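Since this is a predicted model, take the numbers as computed values, not measurements. Atoms within a ligand are numbered from 1 in the order they appear, just like the ligands themselves.
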Amino acid sequence: MVMTAAAAARQILMRLTEVMASRMHAQGKLDQVVEIIGECLSSEVCSIYLLREGMLELFATRGLNQSAVHVTRMAIGEGLTGQIARKVETLNLAEAKAHPDFQYRPETGEEKFHSFAGVPIVYRERAVGVLCVQHVEPRRYEDVEIEALQTTAMVLSELIANAELVDEEEALGLTAEQSGPQTLAGLTLVKGLGAGFAVYHQPRVEITQVMAQDIEAERERVYRAFDKMREQIDSLASQAEFGVGGEHEEVLETYKMFAYDEGWSRRINEAIDSGLTAEAAIERVQQHTRMRMREIDDPLLADRMHDLEDLANRLLRIVAGQVGTAASQGLRRDTILIARNLGPAELLEYDKRRLKGVILEEGSLTAHVVIVARAMNVPVIGRTKGVRTTIREGDEILLDASAGSAIVRPLPQVADAFQARFAKSREKQAAYASLRDVEPFTRCGTRIQVMMNAGLRDDMAALAMTGADGVGLFRTEFQFLVSATLPQRERQTRLYRDVLDAAGDKPVIFRTVDIGGDKSVPYLASEIAAQDENPAMGWRALRLALEREGLMKIQARSLLEAAAGRTLYVMFPMVSEPWEFDAAKQVFDEQIAFLRAQRKRLPESVRFGAMLEVPALAEVLDLLLPRLSFLSIGTNDLTQFLFAADRANPKLAERYDWLSPSILRFLRRVMQSSIGSGVDIGVCGEMGGRRLEALALMGIGYRRLSITPAAVGPIKELVRKVDLAELSAAMTALLADPSRNLRAELAAWADARDIEYD
Ligand code: PEP
Ligand code: MG
């Protein structure tokens, strides 16, 4: 090519534009396109293959035998062309015959050509055809030539969409890999089964216009989008909810590196110079980078590629003005939501009735988004590999979160079997429901308190459905998470009153706000971020509330007013030293005095409790217990601090077990040091909702568990099978001389007694 790259590319695009705008029929246009490309790239051969009846059919060629047109057909994955379509990737080969996938087709007369380059023609994220060039002389094509091919492929996909050259149905299914059934494996985060259609939390942008009308305007759009994206990335760095955990720093660093990468923005600009719209330019540069990254074939780079894809998608969404997540568009049918990671607030934005499951590429068992999903009864798997290459928007998915797997595009017989299992699991649920009015007494006659955790008004329906003994943990911050601004006192009062009304005679323990950590709220984000490198151990929960006294005061007043004439249970999160409990209680005492002075009706009694989540508190229980009426152990936070393992870090998600001697001995010591104090002690972390863990907790003396509503039935059933004397002897023995795998030993103990624990 003798002109500058951009000028040459622009000239190709202009010629293509003319062809596309002409009144010619689609076949005529394709014939012209191969001529233009062949000529501009001085290429002996240029061919277009399009998908028809599941095969790639030669639709137009310059240089191969014309008699092969509509005769030569390749299966997906067959030959170089088939490989390009199957993998949706570009090939650039100096010597085509040397490639292991090369296949010779005598009818085309292609034996004399050595070099080969081909690009997929992509429509709705799937390859629906291939555009390729061949040369007699063996040489690798230059970047600008490959780019010209990629641009042409985009133009062709626009033509295909308009001229209906390929069958839409067919276009949406495709290669065995992309259209056949696939199974993905992940880590069980919330058990359960769910079926629905894939929706990406961050939807992809469809490029509908490839050729720019006004190059300067497109450039301006891209500049603005870059600015906005950089702003977003900078502010993400200050938000805890993004990819929370150890990995997020690393990811953010990469994001920043790409976002500010001059090379990237320059390449996009050059693509715009060649006449593309901003969207098409971003996409084409991305295609090119993908090809490059693949050639390097380094697993570390593959990870980086994933980040760059994320970022390019973000840039595309900004340019296209698609700012909201899928939640803002609403779910139209049963949905399996796909995301890299989610914040709890983001999950809460989805319509609960349509959301049937979540597949995360990251995620961990006690991240708040998972707790929220558990409360919503939505099955979740995390740490799922191969999501983006396998799942397309709209694919049918059967999610078996209990087994940690998802079947994408299932065969009908598999879907039937799944439905049968679904029915079985519903039967099981029905069996648990029948325990609703049965009080959970152990075989030896001890009453275990089985309470439930809640956080939203809607959750309260579960109280009657499960027959739980009350709400052992009401996470009041959920209301803060779902609102864009700090909830006003009236709104808070209304919620607390509704909750108490729904609970009737049953107790509800309101935990004062626990924001910060992975529960970031927009109106405090900057303050939290400014101070916290490690938000889980940072300015959160009571620490934040005591310093933002206004926030705590308003909440205290709302709770006191809502509980007028009833018993109010208040619990403070993340108490680390006894004085923090005193300070928090004082805020309530002052509000009580204020309301009394106002002659307002007060609660009949107010009971104060603390959460034990910070290990240091265990050392001063003798000082704290006399001031409390109850203590609740938050094992989610407690274990992250005991093991120094971020609860939201996906890399640590499977590393430590709740059934470890250190955790269980710690919990046993806390229980023992409370004996005689008269303080009611329970556990309200996720641990208590898992049957084997609940067994261990009962075995070391716990008699009150507050758990996710879905676990109430299973735990009640478990309680009824247990003899506490026998269980506690077993736990004493196991903890005295623990084996490496306490879980397996306890499971064997349960098996021997026909106690179900899965
Ligand atoms: C806990 O930490 O165990 C707990 C119950 O509180 P949260 O999960 O809301 O932090
Ligand atoms: Mg906690």
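Interface of Met611 with ligand 1, defined as ligand atoms under 4.0 Å from a residue heavy atom, comprises 4 (C), 5 (C), 6 (O). Atoms of ligand 1 lying under 4.0 Å from at least one heavy atom of Glu613, given by number and element, are 1 (C), 2 (O), 4 (C), 6 (O), 10 (O). Using a 4.0 Å cut-off to heavy atoms of Arg475, the atoms of ligand 1 that qualify are 4 (C), 5 (C), 6 (O), 7 (P), 8 (O), 9 (O). Counting atoms of ligand 1 from 1 in the listed order, those under 4.0 Å from a heavy atom of Leu473 are 5 (C).
Shown here is Arg720, whose CZ atom has no more than 12 heavy atoms of other residues, nucleotides or ligands within 6.0 Å.
Atom CZ of Arg497 sits about 7.5 Å away from atom CZ of Arg566, to the nearest 0.5 Å. In this structure, CZ on Arg543 lies 10.0 Å from CG on Asp514, to the nearest 0.5 angstrom.
Side-chain N or O atoms of Glu580 include one that pairs as donor or acceptor with a backbone N or O of Glu577 at under 3.5 Å.
At a cut-off of 2.8 Å, measuring from the Mg ion (ligand 2), the protein N, O or S atoms that fall short of it are Glu613 OE2, Asp637 OD2, waters left aside.
The shortest side-chain heavy-atom distance between His201 and Leu342 falls under the 4.5 Å cut-off. Residues Leu746 and Met731 are in side-chain contact: their nearest non-hydrogen atoms beyond the backbone lie under 4.5 Å apart.
Taking the ring centroids of Phe510 and Tyr569, they lie at or beyond the 6.0 Å cut-off.
Sorted by first and then second residue, the salt bridge (charged side-chain N to carboxylate O under 4.0 Å, His left out) pairs with a member in residues 461-479 read Arg447-Asp469, Arg475-Glu686, Glu477-Arg511, Glu477-Lys519; sequence neighbours excluded.
Shown here are the salt bridge (charged side-chain N to carboxylate O under 4.0 Å, His left out) partners of Arg665, two or more places apart in sequence or in another chain: there are none. Judged as a side chain to side chain contact (heavy atoms under 4.5 Å, CB included), and not counting sequence neighbours, the contacts of Lys585 are Phe572, Phe581, Asp589, Phe608.
Under 4.0 Å from ligand 1, the heavy atoms of Asp514 that appear belong solely to its side chain.
For atom 7 (P) of ligand 1, the closest non-hydrogen atom on the protein side is His368 NE2, 3.4 Å.
Ligand 1 lies less than 4.0 angstrom from a heavy atom belonging to Arg511. A heavy-atom separation below 4.0 Å is not found between Met687 and ligand 1.
Across the listed options Cys684, Ser706, Gly472, Gly455, Cys684 owns the non-hydrogen atom lying nearest to atom 5 (C) of ligand 1.
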